[in-house]
2 protein chains.
Amino acid sequence: MITICDVARHAGVAASTVSYVLTGKRPISAATRSRVLESIRVLGYHPHAGARTSAASRTNVVAVAVPLRDGVHVPVLMRMVAAAVTTARRHGLDVLLMTADQGVGGLRGIAGSAQADGFLVLDVEMDDERVPLLRQLAQPSVLIGQPATTAGLTCIDFDFEAAGAACVEHLADAGHRYIGFLGAPTAVYQRGTGFAHRAMVGFGAAAMRRGVTSTIRPTSGDHRSVLKATGALLRAHPATTALVVHNEAALGRVAVSLRAQGRRVPEDVAVVAICPDELAEQATPSFTSVGVPVEELGRRAVELLVGKLNGQTVPSLTLLEPKLSERASTAGVPGRALARRTNPSRSA
Amino acid sequence: MITICDVARHAGVAASTVSYVLTGKRPISAATRSRVLESIRVLGYHPHAGARTSAASRTNVVAVAVPLRDGVHVPVLMRMVAAAVTTARRHGLDVLLMTADQGVGGLRGIAGSAQADGFLVLDVEMDDERVPLLRQLAQPSVLIGQPATTAGLTCIDFDFEAAGAACVEHLADAGHRYIGFLGAPTAVYQRGTGFAHRAMVGFGAAAMRRGVTSTIRPTSGDHRSVLKATGALLRAHPATTALVVHNEAALGRVAVSLRAQGRRVPEDVAVVAICPDELAEQATPSFTSVGVPVEELGRRAVELLVGKLNGQTVPSLTLLEPKLSERASTAGVPGRALARRTNPSRSA
DNA sequence: CTGAAAGCGCTAACAT
DNA sequence: ATGTTAGCGCTTTCAG
């Protein structure tokens, strides 16, 4: 192994000078700097991370906690992680991956043994058991998601409540009076998953405000379940002309399930999805969507964390605003669908 | 921060004794051991990972390189990573996550700065640029996948060639004479991805051996592409009565695409997939499959790595044998389909 | 079976 | 602008 002393000797300087060249924590003359840099290159020197951590108590590692829970769409989660890793790398940080089974104990271990400078916690639930610990850790953390209260924390999330509302607004504006909501699997709501809960709440509240009739159904992603859920929605209100889908796994099955029940998208039923835009584009027909900015969430979460690591004060809650993109699934002429499907006596 | 000296003082022993209690590298009397352990518990002591690494040059971290390439099914990859993380944790190892963009330089950096004791490299291509570096690294590594030559390396992989062959054997045994192969996206073959290549080769070779007519088509996972690919297969050989699918993303679209072209699964076309068993079970109808044991791959790869870290000699190539599980997609009575679809003059 | 002391490779005062 | 030196917290000789 080649050490900082080897470099110092080779360049004819003191070890500390090499250190300062590397960290930039004090001015070095251009001449010695380049001499040192050259020696580093020639010898193929890499500072020993452990020793550096030991001396400077800084690891240049952030731990990312990814609970791989049921009903959470893995590809979506991973795009977030990938974005986080990329952003972390840009700031010279490596990423320690923690999964569900490590739980709270794992967090405490990594924190206690100083293996990471900070924590990025994904998929935070409303009543997340990790939150109390995070509050009292020496290391800063950023949560993606919203626990019951964000006081004393740094949280970033997509505004799912506004997203749910935006879907309703768009559909109601287009004249739809009966709107169904196809949500996440039951288990997701049962364990108090914030993003699912809030999307549904936003949907429901907006429906009330706009005076439209709404029905909600959970669904797992598989074909049978989607067919059953859409069937139930249509049976509850045969006049249903629009659907809001908040379930990535179900996306691909919605149109075929509706078709199997005699409704075409978008002619008979308009569909708006809450999901990453790329997923909505891939569906057939392409879905109008309120895009969940997964990459941006991962990226900005890391940027918040870097800010905290640098001693900056960051907002305790950052909410990313929803933006609706129209695509084929709402391209129908609502007048036509309404004329055929809606009870005339109820038409405004 | 609470150090080993604090513990030593609290327990009334020397710091070295605390260290030996922790590492178990020399016999300690039951009395002092429990006294030390109690102090550790009371004070909430966690050994400082950096200091430990600095002194012992052991990190208890393995780096996992996950190139998130196009056409590689992310959920499948992630289940492998999750299994690897779990297994690593069981051996007291944490996991440093590396993604594609870090590339070869990233590997060299982590290795040089001694941030990991070993490397787990996923999704290795036949001519992978990381392989030369891995050969000359101080740290041991295990590759999941097979490069052109495995000499001097430790590789583990599912036997995709045998898997491709097993599909053909099963279908040929059932009397099918025209079998199509629906593969990964073109790009995957173009860049020499071993597992895709070998599955196809195994399929082709077995088809030759059994004297069945075979046609192969790549496909991206989306609806349009699957429809087009299956259409091309059926047009090339209208007598096609069986399909081998090696594309996780396409799974859900195969049956509907065939149906759209007037063929039912399994009555008209039998389907065998090469994919994780859980995915095959979820399809409608459920697919007979040669299961890719993703979790086992992740787990055993880590076990191999742990073996190497402990100085054991491990095989340079481990191949996991394929196992075929029958499900609904091959439940048709081949005689019937053959009678309808096959040119009588060619029937055995 | 346990202590004392000398490092591990690096950083950060303290010097000049 | 650079060198010298004292740690960082832990492991591991060397002694007893």
Side-chain angles (χ1 to χ4, degrees), chain A residues 1-37 39-40 43-61 92 109-117 138-139, chain B residues 1-37 39-40 43-61 92 109-117 138-139:
Chain A
M1 160 134 260
I2 148 122
T3 79
I4 200 171
C5 295
D6 299 324
V7 177
R9 205 173 315 121
H10 186 274
V13 297
S16 59
T17 302
V18 178
S19 175
Y20 285 120
V21 166
L22 253 15
T23 61
K25 290 197 176 172
R26 93 175 173 192
I28 299 284
S29 75
T32 43
R33 138 169 282 111
S34 65
R35 201 143 36 83
V36 168
L37 254 24
S39 297
I40 288 177
L43 301 180
Y45 166 72
H46 286 271
H48 188 286
R52 175 174 275 185
T53 299
S54 170
S57 56
R58 207 166 185 290
T59 62
N60 292 314
V61 169
I110 301 293
S113 61
Q115 282 192 86
D117 295 335
Q139 294 93 337
Chain B
M1 162 137 258
I2 149 123
T3 79
I4 200 171
C5 295
D6 298 324
V7 176
R9 204 171 316 122
H10 186 273
V13 297
S16 58
T17 303
V18 177
S19 175
Y20 285 119
V21 166
L22 253 14
T23 61
K25 290 195 177 172
R26 94 176 172 193
I28 299 283
S29 75
T32 43
R33 137 169 284 112
S34 64
R35 200 144 36 83
V36 168
L37 253 22
S39 297
I40 288 177
L43 301 181
Y45 167 72
H46 287 270
H48 188 286
R52 174 173 273 185
T53 299
S54 169
S57 56
R58 206 165 186 289
T59 62
N60 291 315
V61 168
I110 302 292
S113 61
Q115 282 192 84
D117 295 335
Q139 294 93 337

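In what follows, chains are A, B, ... by sequence order, proteins preceding strands, each numbered from 1.
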Next item on the list: Determine, for nucleotides 9-16 of chain C in 5'-to-3' order, which nucleotides have protein heavy atoms under 4.0 Å from the base (write B), from only the sugar-phosphate (write S), or from neither (write -).
Entry: BBSBBB--

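Checked against side chain to side chain donor-acceptor pair (under 3.5 Å), A:T53 has no partners two or more places apart in sequence or in another chain. Applying the side chain to side chain contact (heavy atoms under 4.5 Å, CB included) rule to B:A111 yields the partners B:F119, B:L137, B:Q139; only residues at least two apart in sequence or on another chain are considered. With sequence neighbours excluded, the residues that form a side chain to side chain donor-acceptor pair (under 3.5 Å) with A:S29 are A:T32. Applying the side chain to side chain contact (heavy atoms under 4.5 Å, CB included) criterion to A:A114, with sequence neighbours excluded, gives B:H48. Take A:R58 and apply the side chain to side chain donor-acceptor pair (under 3.5 Å) test, not counting sequence neighbours, and it matches A:N60. Checked against side chain to side chain donor-acceptor pair (under 3.5 Å), A:S54 has no partners two or more places apart in sequence or in another chain. Scored by the side chain to side chain contact (heavy atoms under 4.5 Å, CB included) test, B:L22 finds B:V18, B:I40, B:Y45, B:R52 as partners (sequence neighbours excluded).
Fit an axis to the five pairs at each end of the helix from C:dC1-D:dG16 to C:dT16-D:dA1 and the two axes sit 40° apart, to the nearest 10 degrees.
Within the structure, side-chain hydrogen bond (donor to acceptor under 3.5 Å, both in side chains) contacts touching residues 10-23 of chain A (residues at least two apart or in different chains) are A:H10-A:S39. Pairs passing the salt bridge (charged side-chain N to carboxylate O under 4.0 Å, His left out) check and including a residue from residues 1-29 of chain A, sequence neighbours excluded, read A:D6-A:R9.
B:T59 places a side-chain N or O within donor-acceptor distance of the main-chain N or O of B:D117, the cut-off being under 3.5 Å.
The residue A:T32 sits close only to the backbone: its heavy atoms come under 4.0 Å of sugar-phosphate atoms, none of a base.
Of all nucleotides in DNA chain D, those with any atom nearer than 4.0 Å to a heavy atom of chain A start and finish, going 5' to 3', at D:dA1 to D:dC8.
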